[in-house]
Enquirer: 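I have a structure here, written as structure tokens, and I will follow up with some questions on it.
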Amino acid sequence: MHILGISCFYHDSAAVLLREGEIVAAAEEERFSRVKHDFGFPDLAIEFCLAKAGIAPEELDYVVFYEKPFQKFDRILNTVLQTFPGSLKVFQDAMINWIGDKLWVKTIIHKRLGVALDRILFTEHHMSHAASAYFCSPFDEAAILTVDGVGEWATTAMGQAKGQEITLDREQRFPHSVGLLYSAFTAYLGFEVNEGEYKVMGMAPYGEPKYIDRVWKTVRREGGGGFSLEMDYFSFHRSTTTSYSEKFIELLGPAREPESKFFTRSSGYPSYYGPKPANYEAACRRNEHYADVAASIQRVTEELVLDMARELHRSTGLDCLCMAGGVALNSVANGRILKESGFREIYIQPAAGDGGGALGAALYVHNALLKGKRSPVMGHAYWGEEYSAAEAADQLREMGAEWEEIEGEDLLLGRVAERLMAGDVIGWHQGRFEWGPRALGHRSILANPTSEEMKEIVNTKIKFREPFRPFAPSVPAARTGAYFELIDPERHYPARFMLLVVPVREEKRSVLPAITHVDGSGRLQVVVREESPLYHRLIETFGEASGVPVVLNTSFNLRGEPIVNTPSDAYRTFMASEMDALVVGNFLLTK
Ligand SMILES: [Fe+2]
């Protein structure tokens, strides 16, 4: 039995293939098309999935789409009609968009893959999210919470699952949405929606939640985990270009200049920004104001999600929680849920956003609909494409690259650890690429986290990121407790996927300056030996040499590009940056 799950036409498109309920392949389209957040039909990801399974499209038993287009269209029509004629432009855009393509998903799938119409199924958006978490989790029974921008009508769903059954019995409907609330602030703070949400989260610790009372004017708690937005402050329901209104600006002041440089007195002024501006002090104060806004919306979001989690814990009496939806990528909120909601364990799979809908759609059909054997736990994220040594050699040769082939793992790891110790920034390309937005040691850029200057060095050489964006640490499970405040790390799957922010142990903060955020926290990746043996060994080897078994891990890409897929993507990135070395399998490339 082969089931293909697809998500597309909204955010990140993706494809996932299950064989007898087990994942054979899962990938987001952007990795192949090289278009960041590609939301088109995932032709290339599907092609990859089919090749990995060694089957032709006609051999697919079912193709499942992650949401119901007609219900979604119904929501869009209803919304624009309510605000008509102000929403005329939205109406026109929606018509062109939806009548053209999005509505006829079934026909598109049928035409492109040749799959019979009665073999093409649809799941509801939030059910896809729910299934993506629960059927990958180790739980036989769990509470379910999905929170995102919006699916068809729902923006939040709550319920529970037992055995192969998921029941979502409470939902919050559009336009009342935590995801869209956070996105409106993301836009106000000068970042791109669906892209800059991480930046808001990273910026927050540089401020104080001084404006929390004002943010609570835009959203009201309704009790029982419910909430509603004060729609006067927003415009996403009647505009395609803006998400907040004039009243929002009256409340919080003028919006931050998009993509303007961010620095505060505590962040310092990065050298890659060039010379310090004449009005440095005033600029710092202005940025601190926006950091205060970021801190306020982050705090309110945490409170809203905590309300829901606490309510679910109270009403279900269960110990375990499964979470999905874009808001489940808010690793700071996740840290608080684990600590404060009453749930003992949380499961989130790495692609918690809309890309993960493809996974959930397929899992739902196998587990809940067809009652197949329960799918296994997803303990790692390595479901993408991989390249053999011969393929890597071909690609690299074609690009005119030269490399040293290192025989023996010990030798390779020793050489890499040595270079990390010397302060090199190293591209690390191994095995299958990761599922979801985080690089987890298969397509990563690695550096020494014990160096005070390393954050600035990585930014100057490769990333050019704002100084408020922390770099993440990777640490072997058995070493985690010595450096981070997380007990029993292997049990906390979100930490395997960099979806949990926890405090760095107070006495270790000065040992790990490059990965400790300004508030003393770290968005760690717990590395489990059985799931990533080579990466685990590399960190241990670095630990033997340096005394600290932790590496700095950031995604292998240039700013604004998707994470690399092929060895040639990796080589191109290596050459276009000031990275010191590149490792592809056991090939070592230097400059
Ligand atoms: Fe979603």
Side-chain angles (χ1 to χ4, degrees), residues 5 7 64 66-68 123-173 176-179 224-227 304-330 333-334 336-338 340-369 371 374-375 377-378 436 491-494 497 499-500:
S7 63
V64 198
Y66 85 124
E67 62 180 14
K68 300 199 166 170
T123 50
E124 277 181 4
H125 188 107
H126 278 260
M127 186 53 90
S128 298
H129 278 317
S132 79
Y134 177 66
F135 291 122
C136 284
S137 79
F139 313 140
D140 295 322
E141 194 173 11
I144 308 278
L145 176 60
T146 66
V147 190
D148 68 0
V150 60
E152 293 89 359
W153 276 100
T155 64
T156 298
M158 287 159 77
Q160 54 188 316
K162 192 177 180 177
Q164 314 258 111
E165 218 70 66
I166 299 178
T167 315
L168 298 177
D169 47 16
R170 278 167 284 176
E171 67 171 31
Q172 186 72 249
R173 290 190 142 210
H176 306 292
S177 160
V178 179
F227 65 93
L304 288 168
V305 185
L306 262 172
D307 279 356
M308 298 173 200
R310 286 192 186 116
E311 167 59 22
L312 261 173
H313 185 251
R314 190 197 59 75
S315 60
T316 62
L318 295 169
D319 283 332
C320 303
L321 173 67
C322 289
M323 283 175 57
V327 180
L329 293 168
N330 194 309
N334 296 342
R336 285 196 64 192
I337 290 172
L338 185 59
E340 300 174 42
S341 69
F343 285 106
R344 207 169 27 110
E345 282 178 53
I346 305 178
Y347 186 89
I348 307 170
Q349 58 85 21
D354 278 354
L359 172 65
L363 286 171
Y364 183 80
V365 168
H366 171 82
N367 290 277
L369 221 58
K371 298 281 182 281
R374 169 88 191 248
S375 296
V377 180
M378 187 195 278
R491 221 181 61 204
H492 301 294
Y493 285 84
F497 306 135
L499 291 172
L500 197 65

Enquirer: Who are the side chain to side chain donor-acceptor pair (under 3.5 Å) partners of S7, not counting sequence neighbours?
Expert: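 By the side chain to side chain donor-acceptor pair (under 3.5 Å) rule, S7 matches no residue at all.
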
Enquirer: Which heavy atom of A358 sits nearest to which heavy atom of Y66, and what is that distance?
Expert: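 Smallest heavy-atom distance, with atoms named: N-CB, 4.1 Å.
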
Enquirer: Can you list the residues that meet the ring pair (Phe, Tyr, Trp, His ring centres under 6.0 Å) rule with H313, with sequence neighbours excluded?
Expert: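 Here the qualifying residues are F343.
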
Enquirer: Roughly how far apart are Y134 OH and S375 OG, rounded to 0.5 Å?
Expert: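 Separation between the atoms: 11.0 Å.
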
Enquirer: Which pairs count as side chain to side chain donor-acceptor pair (under 3.5 Å) when at least one residue sits in residues 355-364, sequence neighbours excluded?
Expert: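 Those involving residues 355-364 do not exist here.
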
Enquirer: Could you list all the side chain to side chain donor-acceptor pair (under 3.5 Å) pairs where at least one residue sits in residues 344-354, not counting sequence neighbours?
Expert: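 Residue pairs with at least one partner in residues 344-354: H11-D354, H125-D354, H129-D354, S132-Q349, D319-R344, E345-R491, Q349-W435.
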
Enquirer: Which heavy-atom pair separates A130 from I144 by the least distance, and what is that distance?
Expert: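 Shortest heavy-atom contact: CB-CG2, 3.6 Å.
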
Enquirer: Can you find a heavy atom in the side chain of H492 that is under 4.5 Å from one in the side chain of I346?
Expert: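 Of all side-chain heavy-atom pairs linking I346 with H492, none is under 4.5 Å.
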
Enquirer: Taking atom NZ of K371 as the centre, does the number of heavy atoms from other residues, nucleotides or ligands within less than 6.0 Å exceed 12?
Expert: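 Atom NZ in K371 is crowded, with more than 12 foreign heavy atoms closer than 6.0 Å.
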
Enquirer: What pairs meet the ring pair (Phe, Tyr, Trp, His ring centres under 6.0 Å) rule with one or both residues in residues 135-170, with sequence neighbours excluded?
Expert: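 Matches after skipping sequence neighbours: none remain.
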
Enquirer: Which heavy atom in A131 sits nearest to a heavy atom in L363, and how many Å separate them?
Expert: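 That closest heavy-atom pairing would be O-CD1, 3.8 Å.
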
Enquirer: Quick check: closest heavy atoms across A143 and L318, and the distance to 0.1 Å?
Expert: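 Distance-wise, the nearest heavy atoms are N-CD1, 3.6 Å.
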
Enquirer: Are any of the side-chain heavy atoms of F227 and T156 separated by less than 4.5 Å?
Expert: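 SC-SC contact between F227 and T156 confirmed.
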
Enquirer: Hey, are the side chains of L499 and M323 touching, using non-hydrogen atoms and a 4.5 Å cut-off?
Expert: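 No, every pair of side-chain atoms sits at 4.5 Å or beyond.
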
Enquirer: Could you state the interatomic distance from OG1 (T123) to NZ (K68), rounded to the nearest 0.5 Å?
Expert: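 If I round to the nearest 0.5 Å, the distance is 7.5 Å.
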
Enquirer: Would you give the length of the straight line joining atom CE of M127 to atom CD1 of I166, rounded to the nearest 0.5 angstrom?
Expert: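 Taking CE in M127 and CD1 in I166, the distance rounds to 5.5 Å.
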
Enquirer: Please confirm whether the backbone N or O of G226 pairs with a side-chain atom of D307, one donor and one acceptor, at under 3.5 Å?
Expert: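 A pair under 3.5 Å: no.
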
Enquirer: Once side chain to side chain donor-acceptor pair (under 3.5 Å) is applied, what residue pairs with a partner in residues 164-173 remain, sequence neighbours excluded?
Expert: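 Sorted pair list: R170-E311, R170-S315, E171-R173.
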
Enquirer: What pair of heavy atoms forms the shortest contact from L304 to V178, and how long is it?
Expert: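 Reported closest heavy-atom pair: CD1-CG2, 4.3 Å.
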
Enquirer: Could you state the interatomic distance from SG (C322) to CD1 (I348), rounded to the nearest 0.5 Å?
Expert: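 Interatomic distance, C322 SG to I348 CD1, rounded to 0.5 Å: 9.5 Å.
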
Enquirer: List for me each residue that meets side chain to side chain donor-acceptor pair (under 3.5 Å) alongside S177, sequence neighbours excluded, and say none if there are none.
Expert: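 Checked S177 against side chain to side chain donor-acceptor pair (under 3.5 Å); zero matches.
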
Enquirer: Between L145 and V305, is a side-chain contact (heavy atoms from CB on, under 4.5 Å) present by the stated rule, with each step listed?
Expert: CA-CA 9 Å; L145 176 60; V305 185; 4.2 Å; yes

Enquirer: Minimum heavy-atom separation for A352 and L329, please, with both atom names.
Expert: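 Taking every non-hydrogen atom into account, CB-CD2, 3.9 Å.
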
Enquirer: With sequence neighbours excluded, what pairs up with T316 under the side chain to side chain donor-acceptor pair (under 3.5 Å) test?
Expert: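 By the side chain to side chain donor-acceptor pair (under 3.5 Å) rule, T316 matches no residue at all.
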
Enquirer: Quick test of your reading: applying salt bridge (Lys or Arg N to Asp or Glu O under 4.0 Å), list the pairs with at least one residue in residues 134-153, sequence neighbours left out, ordered by first then second residue.
Expert: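 Output for this query is empty, none listed.
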
Enquirer: Could you give all pairs that pass the side chain to side chain donor-acceptor pair (under 3.5 Å) test and reach residues 321-330, with sequence neighbours left out?
Expert: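 Residue pairs with at least one partner in residues 321-330: Q298-N330.
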
